[in-house]
Amino acid sequence: QVKLIESGGGLVQAGGSLRLSCAASGRTFGTYCMGWFRQAPGKEREYVAAISWSAISTDYADSVKGRFTISRDNAKNTVYLQMNALKREDTAVYYCAAGPQFVTRARHYDYWGQGTQVTVSS
């Protein structure tokens, strides 16, 4: 069982930056692949980024590539999402997720956090 708690969301102006954190409980964090997803009002949840358990592999949605960076610190049981050059369309609730495979589809992730709101103003 893995419990995930996101933090770091907030209100930021377009062009600004935020860093999201996702703290995980459990001694097996280092064996899970981690993903970030987001859901804007009235829209389906969408994939943002993923990182393998070893952090050797990362992947990004085209919409955030070059602006967002996913990383993890297995010693701290934490995964991060550094978001730069934020746009209004990045406004959403951001969720972290843990699963056994390095994949982009939400259905392959077993554990989810409660989400953190990111609002980008113009």
List the steps and the verdict of side chain to side chain contact (heavy atoms under 4.5 Å, CB included) for Leu81 and Thr69.
CA-CA 6 Å; Leu81 185 68; Thr69 302; over 6 Å; no

Which atoms form the tightest heavy-atom contact between [X] and [Y], and what is the distance?
X      : Y      : result
Ala24  : Leu4   : CB-CD2, 3.5 Å
Ala85  : Ser17  : N-OG, 4.3 Å
Pro100 : Tyr32  : N-CD2, 4.3 Å
Ser52  : Cys33  : CA-SG, 4.0 Å
Arg88  : Ser122 : CD-CB, 3.5 Å

Answer yes or no: is there a donor N or O on one side and an acceptor on the other, between the side chain of Asn74 and the main chain of Ser54, under 3.5 Å?
no

When you measure from the side chain of Asn84 to the backbone of Gly16, do you find a donor-acceptor pair of N or O atoms at a distance under 3.5 Å?
no

Between [Y] and [X], is there a side-chain donor-acceptor contact under 3.5 Å, judged purely by atom types and distance?
X      : Y      : value
Tyr47  : Asp59  : yes
Asp73  : Thr78  : no
Thr119 : Gln117 : yes

Rounded distance (nearest 0.5 Å) linking atom [atom1] of [X] with atom [atom2] of [Y]:
X      : Y      : atom1 : atom2 : result
Tyr94  : Ser7   : OH    : OG    : 15.0 Å
Ile5   : Cys22  : CD1   : SG    : 8.5 Å
Gln101 : His108 : CD    : NE2   : 6.0 Å
Phe102 : Ser57  : CZ    : OG    : 5.0 Å
Phe37  : Thr104 : CZ    : OG1   : 7.0 Å
Ile51  : Cys96  : CD1   : SG    : 12.5 Å

Are any of the side-chain heavy atoms of Thr91 and Val118 separated by less than 4.5 Å?
no

Starting from the C-alpha separation in whole Å, work towards a yes-or-no answer on side chain to side chain contact (heavy atoms under 4.5 Å, CB included) for Leu18 and Gln82.
CA-CA 6 Å; Leu18 280 176; Gln82 178 66 44; over 6 Å; no

Go through the steps for Ser63 and Arg38 under the test side chain to side chain contact (heavy atoms under 4.5 Å, CB included), then give the verdict.
CA-CA 12 Å; Ser63 58; Arg38 66 186 182 186; 3.5 Å; yes

Decide if atom [atom1] of [X] counts as having more than 12 heavy atoms of other residues, nucleotides or ligands within a radius under 6.0 Å.
X      : atom1 : answer
Lys65  : NZ    : yes
Trp112 : CH2   : yes
Glu44  : CD    : no

Is there a chain of hydrophobic side chains (I, L, V, M, F, W, Y, each step under 4.5 Å between heavy atoms) that links [X] to [Y]?
X      : Y     : result
Tyr80  : Tyr60 : no
Tyr109 : Trp36 : no
Val12  : Phe68 : yes
Ile70  : Met83 : yes

Test side chain to side chain contact (heavy atoms under 4.5 Å, CB included) applied to Thr28 and Val2, step by step
CA-CA 8 Å; Thr28 59; Val2 177; 4.2 Å; yes

Relative to Tyr95, does Arg45 satisfy both conditions: NZ or CZ under 6.0 angstrom from the six-membered ring centre, and within 45 degrees of the ring's axis?
yes

Arg72 to Phe29 six-membered ring, cation-pi geometry met (6.0 Å, 45°)
yes

Do the side chains of Asp90 and Lys87 get close enough for a salt bridge, i.e. N-O under 4.0 angstrom?
no

